[in-house]
Engineer: 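To start, I am sharing the structure in question, which I have written as structure tokens.
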Amino acid sequence: MTLSLEIKSSKSGNPIAIIDGVHLHSAFNPVKEAELFIENHLSALKQKNKVLILGLGLGYHVQEVVKNLKSFHDDFQVVVIEPNARVAAECLTLYPALKNDIVLYPGVDVKKLYQDKTFATFLMSKPAMIVHQSSFNFHQVYFKNLLSFEAGKDLAFFRDQLNPELIHYFKRFPQEATLSDCLNTINNQEKLLSKEDFLMAALACIVREENDERKNNQQKSGASYHEKNITC
Amino acid sequence: MKKILLVNLDLNDDVLNLASVIESLKENYKNDQAQVAVYTLTDERYRQQVGLLTQVSGSYFLDSAEVSKVIKQRIFSDFEAVNSLWNSIREAGATQWDLVINLSTTEAACYIVSTLKATLVQGNYKSTEKSTIGSNLWARLNYQGEAHQTAGLHQVDNYHKLIGINRNTESQAQIYSDSSLNALAHKNISRIRQTKTNGNEKSHVVGIQLENESRPSALSLDTVIELIEEINNTPNVIPVILTLKSENNNDSIKKINQRFNRSVVIIETDYGALASIIVNLDSVIATTKSFRILADLLETQNVYVTNSNQDVYENYSSLNGNLTVYCNTVDYPLIKGRELALSLEALITNQNMKLDLVSNQLTIYRTTTENNELYNKAIAGGFNQVEMLHQTMKRLLVYQINNENRKFNSVGAQLEDISEASAYHWITKEKNALSAIVKTTLAALRTIKTAQNNIASRKEFINSVDEIMANSGENYLVSLIAYSLKSKLDALNENSSQGNLQQTENFLLELKSQVGLVANLISEVAEHYASQKKERALSKNRSVVN
């Protein structure tokens, strides 16, 4: 479904985006609105120099985040997810300098987003998260998928991202095989026949050690853990 | 150009021990026409330490943290771990190596070594049948994938034995240090030294390592503060705090500054500059192996605080006189600042006075030499005499198995602190274990001839070998040779069952002769204590007569 997009002028003269008749920003003063909104996030911005922003709109809140980060930190990283590529394009046309300070993912499919190692690694660094509510409301399903994403366990999910040198080797495993299945195959194989077989056997050891360590830590702390567990 | 790859993928914070190995390798091949280029493959987390190894032609790193991270996190496909591991070893895997030396102890490392293209592998690797193959006895003892059997020998010595080269004791292993940083550190530490002078006596500046505050086994901040207080009350000794920038010890630094009103110098650094600082200090109290090894390499006196029993026997300082403070519980906070201050005093003065004040949960060891062999001698605190005797005898046994000419009397001084009661306790345990192995070995040898054709005999034979194997994970002298047999049987790869049986018989006969060495050692310990007892009785009689 294509949403209608209009760009109008607010009372203060700043442009604002309207999607299907709904304003993404204040019709009076979007800059002031952004300042007030980001004031609530100042302590998080002081503590963290990495920020994930869900929803770009025309970027007033993003500019405010960048301004504050520049005053708090020597270096910083801002990643913005905007599901609507047209909105993103309008924003960058109006404020082209913004792209110097942020990494923007416009209209990128959630699965593709996570296949981007840089993005996944950025998330691993536990950035502060700021939600632009009016953008979020328009793309609730997208953002909920983004926040609850779990990578596919089977080979089919990852086949396109496999190192080209390994593609031929992994042809021997069925598409639906998980890593545990592949490692079990190697474990049950009487002989290791290739460099890749030895590599997989090494990985099986690393996974085993990792699982043992986590079990030990879990026993020590008495806490349950919700991280994924693979067996081999 | 001869290309050698040194592999140590253990997460053990001891990669700086490679410096001595590289030095010896260079020395060993110095008359070779082909020049030698040594490369390293270590874990990514030790990149900074590897940067200190000057004689390395290239370094490769395996990012095990990245592999673990991918496995743990739901946002990554598990298959991402395959990519990570492949990318990590890609470059080293593409090179044709003349020699790959695996010093790692893990099974994963053995598999990784087997992916490399090597003309010769020393250390452990995996066969296509997944057996662990050790290039010699020392390699097998360096492998801890299945059983924790070690030679009881200093790790660096064990590495040299594994490679089959002599340790180069003529020249000190080289460590990178920047001359301008050296000069700056010298100037600054000299300035610190001048803040506490007493007449003509030179002040002593001691660096105290502040370990990552979030690490559970770290020395507690309270202990460090107590230690600083003790040192501040000691004439001519000045404490400075050493901490790595990457450790993020901001809270601890803040508390030390508050407590001592900013009067204690705190040096935040990285490994690149650490060498320049340590070489200018008079001594170091280290809580990680890398600091201790670095201090050793730079010949700076040091006290090493550890709660690992293995460190006592295999990772003690390689410089005569240095101390190891071993805490026999996992809780470092039990160590008192006072106890560390006394250890420091013993280090500086080279005396053992006052150390009886340490608690029984601590043992203070001093690196000592006997017959050109370094060992850790307990000088204070409570210590496990039976274990000490056991490690000494184990070391001797390994030398004897390896046909090195070491006699029982070469370790006489190492038995001085071990009581008769402890020795007899050890003798009884060892004798029982020995009898069990002798019985099963003889049973196995009796049945092996008939095992080929007779199912009942084969069952009996397999049971006997199983019983020997069951001992290979235990901690008796005889377990060491059982472990050696186990490694050989694991690697057995004859094409016929007849051939395998023949080889097994050879191994069992070898084991039988090695059992004789164990029996001899046990008897020699017994005789040693019996003669001491006799000596004491005679001298008592003499004094009564007089």
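Letters go in sequence order (proteins before strands), and every chain restarts at 1.
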Engineer: Determine the option with the most heavy-atom pairs under 4.5 angstrom with chain B, choosing from A:R159, A:E165, A:Q189, A:Q115.
Structural biologist: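 When all of A:R159, A:E165, A:Q189, A:Q115 are compared, A:E165 has the most.
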
Engineer: Relative to chain B, which segment of A:E190 carries a heavy atom at a distance below 4.5 Å: side chain, backbone, both, or neither?
Structural biologist: backbone

Engineer: Considering non-hydrogen atoms only, spot the tightest contact between A:A151 and B:F76 and give its length.
Structural biologist: CB-C, 3.3 Å

Engineer: Could you tell me which non-hydrogen atom of A:L199 sits nearest to which non-hydrogen atom of B:T115, and how far apart they are?
Structural biologist: N-CG2, 3.8 Å

Engineer: Taking the side chain as everything from C-beta on, heavy atoms only, tell me whether A:F170 gets closer than 4.5 Å to B:V82.
Structural biologist: yes

Engineer: If you take all heavy atoms of B:W86 and A:K195, which pair is closest and at what distance?
Structural biologist: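 Distance-wise, the nearest heavy atoms are CH2-CE, 4.2 Å.
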
Engineer: Taking B:D78 for the side chain and A:K153 for the main chain, is one N or O donor matched with an acceptor at less than 3.5 Å?
Structural biologist: no

Engineer: Side chain, backbone, both or neither: which part of B:V67 has an atom under 4.5 Å from a heavy atom of chain A?
Structural biologist: side chain

Engineer: Describe, in one word, how the ring planes of B:F79 and A:F158 are oriented to each other, choosing from parallel (under 30°), tilted (30 to 60°) and perpendicular (over 60°).
Structural biologist: parallel

Engineer: If you take all heavy atoms of A:F149 and B:I75, which pair is closest and at what distance?
Structural biologist: CE2-O, 3.7 Å

Engineer: Considering only heavy atoms, which portion of B:S84 lies under 4.5 Å from any heavy atom of chain A: side chain, backbone, both, or neither?
Structural biologist: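 When you check distances to chain A, only side chain atoms of B:S84 fall under 4.5 Å.
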
Engineer: Which atoms of A:L193 come close to chain B, meaning under 4.5 Å heavy atom to heavy atom: side chain ones, backbone ones, both, or neither?
Structural biologist: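 The answer is neither part of A:L193.
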
Engineer: Between A:I186 and chain B, which part of the residue has a heavy atom less than 4.5 Å away: side chain, backbone, both or neither?
Structural biologist: backbone

Engineer: Between A:N163 (side chain only) and B:N83 (backbone N and O only), is there a donor and an acceptor less than 3.5 Å apart?
Structural biologist: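 No.
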
Engineer: Need one label for B:I89: side chain, backbone, both or neither, based on atoms under 4.5 Å from any heavy atom in chain A.
Structural biologist: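 Only the side chain of B:I89 comes within 4.5 Å of chain A.
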
Engineer: Is it the backbone or the side chain of B:E80 that comes under 4.5 Å from a heavy atom of chain A, or both, or neither?
Structural biologist: both

Engineer: For A:D154, is it the side chain, the backbone, both, or neither that has a heavy atom closer than 4.5 Å to a heavy atom of chain B?
Structural biologist: backbone

Engineer: Using 4.0 Å as the upper bound for N to carboxylate O, is an ion pair formed by A:E150 and B:R74?
Structural biologist: no

Engineer: Considering only heavy atoms from C-beta outward, does the side chain of A:I206 approach that of B:L85 to under 4.5 Å?
Structural biologist: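 With C-beta onward as the side chain, the pair touches.
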
Engineer: Select one option (side chain, backbone, both, neither) describing which atoms of A:F157 are under 4.5 Å from chain B's heavy atoms.
Structural biologist: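 The answer is the side chain of A:F157.
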
Engineer: Do B:K130 and A:L192 come close enough that some side-chain heavy atom pair is under 4.5 Å?
Structural biologist: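 Yes. Closest side-chain heavy atoms under 4.5 Å.
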
Engineer: So what's closer than 4.5 Å to chain B heavy atoms on A:T178: side chain, backbone, both or neither?
Structural biologist: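 Interface part for A:T178: backbone (N, CA, C, O).
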
Engineer: Rounded at 0.5 Å granularity, tell me how far OG in B:S127 sits from CZ in A:F198.
Structural biologist: 7.0 Å

Engineer: Side chain, backbone, both or neither: which part of A:L162 has a non-hydrogen atom closer than 4.5 Å to chain B?
Structural biologist: both

